[in-house]
Amino acid sequence: MSPIAPPRGTKDLLPDEAPAWRWLHETHASVAGRHGYELIDTPMFEATDLFARGVGSGTDVVEKEMYTFADRGGRSLTLRPEGTAPVLRAVLGARLEQRWRPVRVHYAMAMFRYDRPQAGRQRQFTQVGIECIGDRDPSYDAEVIEVAWRFMAQLRIDGISLQLNTLGDRDDRLRYREALSAYYTPLRDSLCDDCRRRLEVNPLRLLECTRDAQHVAGAPLLRDHLSGESRGYFADVVTHLDEAGIPYTHNQRLVRGLDYYAHTAFEFWHTSLAGAQNALGGGGRYDGLAEEIGFPATAGVGYALGVERLLIVAANQGVAPVAQPPAQLVVCTATAAGAKEARKIARHLRDRTTVIADLSARRLDKKLRDADRLGARLALLVGLDEGLVLRNLRTRAQQVVTADTVLDAVSAELLQAAQEGVP
RNA sequence: GUGGCUAUAGCUCAGUUGGUUAGAGUGCCAGGUUGUGGCCCUGGAGGUCGAGGGUUCAAGUCCCUCUAGCCCCCCCA
């Protein structure tokens, strides 16, 4: 029988990578928290309608990437492919926007999309993100971008490029869509298959095609179809970003793959990721989403960043923390007689530091070797003729101690190690 | 969902035009050392050669299907 393999496109978090994983999540919670964002979490699956209506039926996510299934009660459910619609549902469902506005929440959640896996692209992946819900002011768009920016700066990741665009409001996009159709329809026969489909389903996506680049170059620009109000909104966002000292590239071809975005849309790109997977994350404003999922119209803006991709970049740049030793001290029995005493002392020492007890029948040299291998600083040998022996695994110096003095001796050794600045 | 590359020990990889019982380095375990990490010496475990089928006297090697990883499209995270 062959061993059971993990499902395609999934990945285990092993102890070696856990410190970097934890570091990233704690940093995100800390940076978001410092801006007043509170933790939220939502179910891993939702009613399929939440995404079909919220994200948009013409999008790739809904059209071909969702894990949708019927439960035993015949309900159509879908594993969460993105976080914004569920978080908005949770916030508005609980009427949180009636406490104070805007509601600021941050999250770290697993997402599921059925796609062909590649490096940096999995079927289950994790996003950290924030949502700022309940007020429509350009300063919040800038605030959200700034939190993402500060977060990645705190991770000491550099080389990030902020791609910024405005999609205007609904009327702007309707006008623009007509202009795009008018431009592309005569060209229909010379378009690639995908673009012919886009022309029917989602004309904005025509702008992102790389095969029909010559057509894109001559296509009308959304900028020329924006209302004065939309232009002013974008100008305000840009002003706030300038004040915050956050550089950006105005990318007029950035349209985002989810239907709910309006006005501000942005992505964070990084060149050290492979060309195909260069986006660390993105976000934008989604003022129409609340109504799409059956709630009173409520403004919102947020971002989501891919944890696995951030960790790839962090590892490439050598900024992710490495694994710490699981214990500072290993209590080793030198003879079988010491087992009971060793357990008792280990219990005692855990008041002071991290302790592993090795009571196995293996030879003492193997125990010491393993204690050193796992990175412990000290070993306490129990069951020797001369009594308890505390050995420093780095200096190889050792001293005889008693049950009464062992705690102080351990403290002294650890203090000295700390003063020497060794990790 | 389309096309391409790849798959041999825990890891990195050899394996000739198809030819005995599939190898190396490293790692792992044990002994040398009944009580001290390294080095060294000795011994050992570990492979249905990704899975299944086919061709052949004979398949790790050739053919087909499947699975998985990576890459390109695509999409985004």
Side-chain angles (χ1 to χ4, degrees), chain A residues 1-11 14 55 59-65 80-84 108-129 148 163 192-195 197-198 202 205 208-211 254-258 265 267-270 273-283 303-313 330 332-338 358 360-387 389-398:
Chain A
M1 192 177 76
S2 39
I4 294 174
R8 182 166 200 207
T10 64
K11 205 166 145 293
L14 299 175
V55 175
T59 61
D60 283 342
V61 168
V62 171
E63 216 168 47
K64 51 192 188 188
E65 294 178 0
R80 173 177 62 201
E82 63 97 38
T84 299
M109 305 193 294
M111 306 294 169
F112 305 84
R113 294 185 199 171
Y114 191 91
D115 200 351
R116 271 175 69 154
Q118 256 174 259
R121 189 164 91 184
Q122 300 159 212
R123 289 182 174 178
Q124 177 179 334
F125 59 99
T126 315
Q127 291 185 331
V128 291
Q163 303 284 312
C192 69
D193 292 346
D194 285 334
C195 281
R197 205 176 52 88
R198 289 183 182 117
N202 197 343
R205 310 232 64 165
E208 294 186 332
C209 186
T210 46
R211 253 172 302 175
L254 183 82
V255 300
R256 303 287 295 156
L258 313 177
E267 288 182 2
F268 297 99
W269 291 359
H270 200 281
L273 291 166
Q277 254 76 243
N278 64 349
L280 288 170
Y303 70 73
L305 296 167
V307 169
E308 289 80 5
R309 289 186 189 175
L310 285 167
L311 288 175
I312 289 171
V313 175
V330 178
C332 300
T333 48
T335 61
D358 186 346
S360 68
R362 298 188 307 158
R363 288 165 24 156
L364 185 57
D365 57 345
K366 306 297 181 195
K367 298 186 186 185
L368 286 169
R369 189 195 59 195
D370 282 359
D372 185 46
R373 229 178 241 181
L374 67 81
R377 181 165 302 279
L378 303 170
L380 184 72
L381 314 183
V382 182
L384 299 174
D385 293 340
E386 61 266 42
V389 172
L390 182 63
R391 180 175 178 85
N392 184 316
L393 293 170
R394 306 296 161 82
T395 65
R396 300 183 178 230
Q398 55 186 42

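Both backbone and side-chain heavy atoms feed into the values below; hydrogens, waters and symmetry mates do not. Proteins come first, then strands; the chains are lettered A, B, ... in the order of their sequence lines, and each starts at number 1. No experiment lies behind these values; they were computed from the predicted model shown.
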- Task: With heavy atoms under 4.0 Å as the rule, sort A/G9 into base, sugar-phosphate or nothing.
- Result: sugar-phosphate
Any strand, both distances under 3.5 Å, Watson-Crick or G-U wobble: B/C74 pairs with none
Protein-proximity profile, nucleotides 34-45 of chain B, B/S/- by nucleotide at the 4.0 Å heavy-atom cutoff, equals -BBBS-------
What distance, rounded to whole Å, do you find between the two C1' atoms, one in B/U16 and one in B/A59?
15 Å
Given the options A/R123, A/Q124, A/Q122, A/K11 meets side-chain contact (heavy atoms from CB on, under 4.5 Å) only with A/Q122
If pairing means Watson-Crick or G-U wobble with both distances under 3.5 Å, then the partner of B/U33 is none
When both distances are under 3.5 Å in a Watson-Crick or G-U wobble arrangement, the nucleotide paired with B/C62 is B/G54
Residues passing the salt bridge (Lys or Arg N to Asp or Glu O under 4.0 Å) test with A/K366, sequence neighbours excluded, are none
Applying salt bridge (Lys or Arg N to Asp or Glu O under 4.0 Å) to A/D372 and not counting sequence neighbours gives none
Judged by nearest nucleotide, the residue sitting upstream toward the 5' end of RNA chain B, A/R123 or A/K64, is A/K64
For A/E308, which contact category applies under a 4.0 Å heavy-atom criterion: base, sugar-phosphate, or nothing?
nothing
Notebook entry, point to check: Taking the same atom, C1', in B/G47 and in B/A22, what whole-Å distance lies between them?
Noted result: 9 Å
